[in-house]
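Heads up, the thing below is written out as structure tokens.
What's counted below: heavy atoms across the whole structure, side chains too, no hydrogens, waters or symmetry copies. Since this is a predicted model, take the numbers as computed values, not measurements.
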Amino acid sequence: MLRKSIVIGAATLALGLTSCGGGMPSTMCECMEIQVEMMEKTMDLEMDDTEGREKVQEEYKKENEACEKLGKAFQDKNKDLSSEEKQAAQEKELDGCDAMEKMEKLYEKQMEGMKK
């Protein structure tokens with residue numbers, strides 16, 4: 001449960017760092033799919049490879065902007081909810097999203113790599 005909360009928190013943070021529009025992601029799940037793609041592309045980069053990470057960020061700039069708008073709209077819509085209610089709303093929004101499971105696995109793999 002804690003791991004799921006961490007991944008959802010990371011997804012929410014990622015939504016705040018990304019964007020959506022015409023032909024762009026239009027759901028939190030689609031934004032999560034974009035985050036999975038980006039994470040897959042950066043998994044093998046060294047932590048201090050800022051140039052490589054910036055290149056991936058630039059490649060997904062428009063998608064990230066669209067997801068940022070979605071994240072802002074979600075936050076505005078749920079601004080009066082408690083933390084628990086916000087988390088429940090996020091979980092409901094991402095229910096059935098295959099990218100969540102992929103993100104959890106990538107997150108675990110990344111954490112294992114940091115332990116080495």
Between NZ on residue Lys55 and NZ on residue Lys41, distance to nearest 0.5 Å: 9.5 Å
Is the closest side-chain heavy-atom distance between Glu59 and Met38 below 4.5 Å? no
Note: Lys105-Glu101 ion pair, threshold 4.0 Å (strictly below): yes
Can you get from Met103 to Leu45 by hopping between Ile, Leu, Val, Met, Phe, Trp and Tyr side chains that sit under 4.5 Å apart? no
Rounded to the nearest 0.5 Å, how far apart are CG of Asp95 and CE of Met100? 10.0 Å
Distance from Met28 atom CE to Glu91 atom CD, nearest 0.5 Å? 10.5 Å
So, does Arg53 use its side chain to make a donor-acceptor pair with the main chain of Asp48 at under 3.5 Å? no
Looking at every heavy atom in both Lys86 and Leu81, which two are closest together, and how far apart are they? CE-O, 3.2 Å
Which pair of non-hydrogen atoms, one from Leu70 and one from Cys31, has the smallest distance, and what is that distance? CD1-SG, 3.6 Å
Output the distance between atom CE (Met32) and atom CD (Gln35), rounded to the nearest 0.5 Å. 7.5 Å
Can you name the closest pair of heavy atoms from Glu33 and Ala99 and give their distance? CG-CB, 3.5 Å
Do Met43 and Val36 sit in one hydrophobic cluster, given that two such residues count as connected whenever their side-chain heavy atoms are within less than 4.5 Å of each other, even indirectly? yes
More than 12 heavy atoms of other residues, nucleotides or ligands under 6.0 Å from CG of Asp44: yes or no? no
Inter-residue atom distance Lys69.NZ - Met24.CE, 0.5 Å rounding: 10.5 Å
Hey, could you give me the CD/NZ distance between Glu37 and Lys102, rounded to the nearest 0.5 Å? 8.5 Å
